[in-house]
*Asks:* 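Mind looking over this structure? Questions follow.
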Amino acid sequence: MSSLTVYDDTRPGQPEFSSHDAEAIAARLSPLNVRFERWTDVEPPARDAGQDVVLGVYRPYLDRLMGETGAGSADVISIDVNTPNRAALREKFLSEHIHSEDEVRFFVHGQGHFVLHVDGKVYDVGCTQGDLISVPTGIPHWFDAGETPDVVALRIFTHKEGWIADYTGDDIALRFPAQIA
Ligand SMILES: CSCCC(=O)/C(O)=C/O
Ligand SMILES: [Fe+2]
Ligand code: NI
């Protein structure tokens with residue numbers, strides 16, 4: 001189930017807002033220019049479908065999204081307990097970072113948390129199958145799918161180089177572990 005938990009960044013463990021309602025989540029994130037939507041009118045491909053199949057299933061949606069965002073390419077990231085480099089991948093996404101393009105992701109299967117750090121608040125957004133999230137350029141954030149990850153996500157890139165991050169050097173992610181159910 002999608003979720004949002006909001007904290008003051010000086011008060012770990014003391015949420016000031018919490019919701020599992022997609023409309024409430026979208027409304028709370030909208031002032032940050034974070035886009036949050038549920039796309040439920042398409043049947044997801046099988047969990048083990050290849051990248052081309054996944055991209056094919058979502059092609060009409062991707063084309064529209066890429067038209068709206070100016071993105072030039074898309075890929076599929078798939079992580080589960082059998083992913084050999086899952087610990088390294090977790091480490092890579094788990095430190096606070098920014099991107100010089102919007103981070104646009106669609107959850108095809110499983111779940112993961114994007115945790116955003118904006119104006120003294122921490123927004124832990126639990127994304128699940130059918131969720132689209134777009135985190136604007138320059139918003140500090142991190143991502144965690146936990147110790148036993150299960151996530152397949154579409155990633156949409158503007159830069160030709162694909163995924164590039166600038167780490168902020170802030171260890172805030174250690175104080176606000178994602179609330180993985
Ligand atoms: C679910 S997509 C993998 C995470 C990622 O690309 C990123 O930048 C997290 O912040
Ligand atoms: Fe990121
Ligand atoms: Ni919950």
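Whatever order the structure lists them in is the order used to number ligands and atoms, beginning at 1. A quick note: this is a predicted structure, and the numbers were derived from the prediction, not measured. Below, all heavy atoms of this structure are taken into account, side chains as well, without hydrogens, waters or symmetry copies.
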*Asks:* Could you check whether Arg28 makes a cation-pi contact with Phe17, meaning its NZ or CZ is under 6.0 Å from the centre of the six-membered ring and within 45° of the ring axis?
*Replies:* yes
*Asks:* Would the distance check show the side chain of Arg38 and the main-chain N or O of Gln129 forming a donor-acceptor pair, the cut-off being under 3.5 Å?
*Replies:* yes
*Asks:* Test side chain to side chain contact (heavy atoms under 4.5 Å, CB included) on Phe143 and Val135 and set out the steps.
*Replies:* CA-CA 12 Å; Phe143 175 82; Val135 178; over 6 Å; no
*Asks:* Going from CD1 on Ile77 to CD1 on Ile79, what distance comes out if it is rounded to the nearest 0.5 angstrom?
*Replies:* 4.0 Å
*Asks:* With respect to the Fe ion (ligand 2), what is the nearest N, O or S atom of Glu103?
*Replies:* OE1
*Asks:* May I ask you to check whether His141 and His97 place their ring centers less than 6.0 Å from one another?
*Replies:* yes
*Asks:* In a simple table, one pair per line, please give the protein and ligand 1 atom names for every N or O pair closer than 3.5 Å, along with the distance.
*Replies:*
from, atom 1, to, atom 2, distance (Å)
ligand 1, 6 (O), Glu103, OE2, 3.4
ligand 1, 6 (O), Arg105, NE, 3.3
ligand 1, 6 (O), Arg105, NH2, 2.9
ligand 1, 6 (O), Trp163, NE1, 3.1
ligand 1, 8 (O), His97, NE2, 3.4
ligand 1, 8 (O), His99, NE2, 3.1
ligand 1, 8 (O), Glu103, OE1, 2.9
ligand 1, 8 (O), Glu103, OE2, 2.7
ligand 1, 8 (O), Trp163, NE1, 2.6
ligand 1, 10 (O), His97, NE2, 2.8
ligand 1, 10 (O), Glu103, OE1, 3.4
ligand 1, 10 (O), Glu103, OE2, 3.2
ligand 1, 10 (O), His141, NE2, 3.0

*Asks:* Salt-bridged, Lys121 to Asp8, with N to O below 4.0 Å?
*Replies:* yes
*Asks:* Cluster question for you: counting only ILVMFWY and a side-chain heavy-atom cut-off of under 4.5 Å, with indirect links fine, are Leu94 and Tyr123 together?
*Replies:* no
*Asks:* What angle sits at the Fe ion (ligand 2) between NE2 of His141 and NE2 of His99, to 10°?
*Replies:* 100°
